[in-house]
Number of protein chains: 2
Amino acid sequence: MAETGTKTPRERYRTQVRAEIKERAWEQIATAGPSALSLNAIAKQMGMSGPALYRYFASRDELITELIRDAYRSLADTFRATSGPGPNHAALAHALRRWALDDPQRYFLVYGTPVPGYHAPDDVTAIASEIMTTLLDACTALPSDSPATPFETHLEGHRQWADGHPAPPAALRRALTFWTRLHGVLSLELAGHFTGMRFDPALLFTAELDDLLAH
Amino acid sequence: MAETGTKTPRERYRTQVRAEIKERAWEQIATAGPSALSLNAIAKQMGMSGPALYRYFASRDELITELIRDAYRSLADTFRATSGPGPNHAALAHALRRWALDDPQRYFLVYGTPVPGYHAPDDVTAIASEIMTTLLDACTALPSDSPATPFETHLEGHRQWADGHPAPPAALRRALTFWTRLHGVLSLELAGHFTGMRFDPALLFTAELDDLLAH
DNA sequence: AGATTTAGTTAGAGGCTATCACGAAACCTA
DNA sequence: TAGGTTTCGTGATAGCCTCTAACTAAATCT
């Protein structure tokens with residue numbers, strides 16, 4: 001084999017340990033949030049002493065960034081797998097909701113409260129725009145008949161973020177509202193702001209989705 | 001004076017020190033987020049040694065809870081001050097946006113990513129329902145003509161959260177969408193998810209608001 | 001087999017939360 | 001105004017944490 005598709009044993013071991021560290025990190029985040037993530041505790045869980053982890057991640061921040069990257073990647077893949085030809089908003093929406101409920105902290109890592117200083121590395125924002133592209137595809141596939149709103153004409157003049165995507169202004173607007181409205185419902189639901197109230201969040205979600213599809 | 005409206009000097013001093021501590025805490029939160037809040041650092045800033053702060057707040061968590069309480073209180077007051085007789089959604093919405101932009105971290109303390117274990121004390125949830133009541137008032141004042149949707153009939157059966165408020169189902173639905181849609185736009189804007197894109201978030205916000213008022 | 005890279009160790013600096021025991025100041029009361 | 005009591009702030013300390021540095025031992029490469 002000319003290609004070392006399977007890497008050297010050391011590299012195999014290394015990636016496997018990195019994976020286990022991330023695994024434990026996800027568990028910690030799920031139970032106590034990202035701020036409670038402790039490299040020391042992970043190391044002890046894995047039977048090694050604190051500083052050993054620094055062979056695998058340069059810092060706590062780098063580990064968290066890696067988790068954020070994985071979260072983005074996971075959502076982008078889910079979206080791409082759901083996306084097909086034609087307008088499949090509903091499928092995307094439900095895929096999003098399933099993905100969010102599957103691991104709320106993972107959702108919050110992507111769309112939750114940011115740390116003021118933090119700036120995502122370029123490859124992460126690239127994944128974000130990949131997600132947006134999938135969404136724009138779905139929106140472009142939907143015909144739009146109603147006349148352009150003022151905001152849509154504003155968007156037509158500020159469409160750099162669509163990154164060359166040929167979506168018409170109405171589709172840009174549709175993608176944005178798809179994003180903000182579903183995020184509005186989802187983030188409040190995941191944050192537990194509906195728990196006291198006894199209605200079914202899933203119905204609110206689909207009601208918003210229906211409204212999105214109707215107009 | 002039978003009433004000690006002005007307290008004893010000790011109490012005056014005490015509340016003043018508590019206020020200064022919270023002041024510094026807000027500054028720290030604004031620049032580095034709640035997770036970076038350090039009692040030690042605040043103490044040093046105020047010229048006293050670490051443990052002294054524990055005379056004023058039993059723990060870091062208690063201080064943060066107090067900040068959350070103040071944030072809720074501030075929003076409830078803003079809402080109540082904005083609310084008048086009749087349907088003034090637009091005023092409420094813009095008051096909300098101003099309040100949010102005024103101090104994004106304060107907004108996130110209320111509506112942002114929650115710490116998994118954390119449960120807000122009862123008086124805080126009471127303020128939350130006070131906010132909801134103000135919103136329901138505005139929604140009730142608006143006439144609704146369209147036929148009830150399935151979700152609205154569902155809400156009619158699960159309206160405990162309205163806490164005896166006489167709002168009709170359509171108003172319940174309207175209050176929820178008001179909340180989720182505006183939060184959707186605001187939270188993404190404050191979290192910086194629109195920064196790369198060059199459009200004006202204010203226009204998206206008012207576009208969503210207009211849509212809310214139109215239907 | 002020897003040289004080199006890498007994984008893991010302990011020690012330690014410096015930060016944090018939080019508790020405790022102690023001195024000192026302020027306050028209340030007789 | 002003098003004495004007892006409450007309250008404030010202190011330093012010391014325990015126990016976490018992140019992260020660096022020097023060192024050992026094992027695996028890998030030549």
Side-chain angles (χ1 to χ4, degrees), chain A residues 1-4 6-29 31-68 115-118, chain B residues 1-4 6-29 31-68 115-118:
Chain A
M1 315 169 190
E3 275 285 342
T4 59
T6 166
K7 326 213 171 192
T8 138
R10 253 216 175 120
E11 274 173 326
R12 286 174 57 85
Y13 177 74
R14 188 177 175 75
T15 61
Q16 192 231 321
V17 172
R18 274 179 70 101
E20 181 171 353
I21 292 172
K22 292 204 273 184
E23 198 88 6
R24 313 268 184 167
W26 278 117
E27 291 168 15
Q28 284 201 8
I29 285 183
T31 64
S35 65
L37 192 154
S38 156
L39 296 196
N40 236 320
I42 292 176
K44 279 181 193 165
Q45 273 183 25
M46 294 177 62
M48 49 187 184
S49 246
L53 283 207
Y54 288 81
R55 296 278 174 200
Y56 298 93
F57 293 94
S59 69
R60 200 184 100 109
D61 272 19
E62 191 185 289
L63 172 55
I64 292 184
T65 296
E66 184 81 14
L67 297 180
I68 292 175
V115 173
Y118 184 78
Chain B
M1 315 167 194
E3 277 285 342
T4 57
T6 165
K7 325 214 171 192
T8 138
R10 257 222 171 112
E11 275 174 325
R12 286 176 56 84
Y13 177 74
R14 189 177 173 74
T15 61
Q16 192 230 320
V17 172
R18 274 180 70 101
E20 181 171 354
I21 292 172
K22 293 204 275 186
E23 198 87 7
R24 312 269 184 167
W26 278 117
E27 290 168 14
Q28 283 200 7
I29 285 183
T31 64
S35 65
L37 192 153
S38 155
L39 296 196
N40 237 320
I42 292 176
K44 279 181 192 164
Q45 273 182 27
M46 293 177 62
M48 49 188 183
S49 245
L53 282 208
Y54 288 81
R55 295 278 175 201
Y56 300 92
F57 293 95
S59 70
R60 201 185 100 109
D61 272 19
E62 191 185 288
L63 172 56
I64 292 183
T65 295
E66 184 81 15
L67 298 180
I68 292 175
V115 172
Y118 184 78

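Within every chain, numbering begins at 1; the chains are lettered A, B, ... in the order of the sequence lines, protein sequences first and strands thereafter.
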Considering just the side-chain nitrogens and oxygens of B:Arg14, establish if one lies under 4.0 Å of OP1 or OP2 belonging to D:dC8.
-> yes
Side chain to side chain donor-acceptor pair (under 3.5 Å) partners of A:Glu66, counting only residues at least two apart = A:Lys22
List the protein contact pattern of nucleotides 20-30 of chain D with one symbol per nucleotide (5' to 3'): B for base contact, S for sugar-phosphate-only contact, - for none; contact means a heavy-atom distance under 4.0 Å.
-> B------BS--
Can I get a per-line list of side-chain donor-acceptor pairs under 3.5 Å for residues 40-52 of chain A, giving both atom names and the distance, sequence neighbours left out?
| from | atom 1 | to | atom 2 | distance (Å) |
| --- | --- | --- | --- | --- |
| A:Gln45 | OE1 | A:Arg24 | NH1 | 3.4 |

Roughly, in whole Å, what's the span from CG in A:Leu53 to P in D:dC17?
-> 12 Å
Please figure out whether B:Arg60 or A:Tyr13 has its closest DNA chain C nucleotide nearer the 5' end.
-> A:Tyr13
When we call it a touch if two heavy atoms are under 4.0 Å apart, what does A:Phe57 touch: a base, just sugar-phosphate, or nothing?
-> nothing
Can you tell me how far P of D:dC8 sits from CD1 of B:Ile21, to the nearest Å?
-> 11 Å
Atom CG of B:Asp61 and atom P of D:dC16 are separated, to the nearest Å, by 18 Å
What are the atom names and distances for every N/O pair under 3.5 Å that joins the protein to nucleotides 1-5 of chain D?
none

When we call it a touch if two heavy atoms are under 4.0 Å apart, what does B:Leu37 touch: a base, just sugar-phosphate, or nothing?
-> sugar-phosphate
Please report, rounded to the nearest Å, how far the P atom of D:dT7 is from the CE atom of B:Met48.
-> 17 Å
Roughly how far, to the nearest 0.5 Å, is CD1 of B:Ile21 from CG of B:Leu63?
-> 7.5 Å
Shortest non-hydrogen pair, A:Pro34 vs A:Ile64, comes out as O-CD1, 4.3 Å
Heavy-atom nearest pair, A:Val115 first then B:Ala32, reads CG1-O, 4.3 Å
In terms of heavy-atom contacts, A:Leu53 and A:Leu39 come closest through CD1-O, 3.4 Å
Other residues, nucleotides, ligands: >12 heavy atoms within 6.0 Å of A:Glu23 CD = no
For DNA chain C, note the earliest and the latest nucleotide, 5' to 3', having some atom under 4.0 Å of a heavy atom belonging to chain B.
-> C:dC16 to C:dC28
Dot-bracket encoding of pairs in DNA chain D, which uses [ ] for pseudoknotted crossings and | for another strand, Watson-Crick or G-U under 3.5 angstrom = |||||||.||||||||||||||||||||||
Rounded to whole Å, the CG-P distance (B:Asn40 to D:dC17) equals 17 Å
Pairs satisfying side-chain hydrogen bond (donor to acceptor under 3.5 Å, both in side chains), at least one member in residues 53-62 of chain A, at least two apart | none
In chain order, what residues pass the side chain to side chain donor-acceptor pair (under 3.5 Å) check against B:Thr65, with sequence neighbours excluded?
-> B:Tyr118
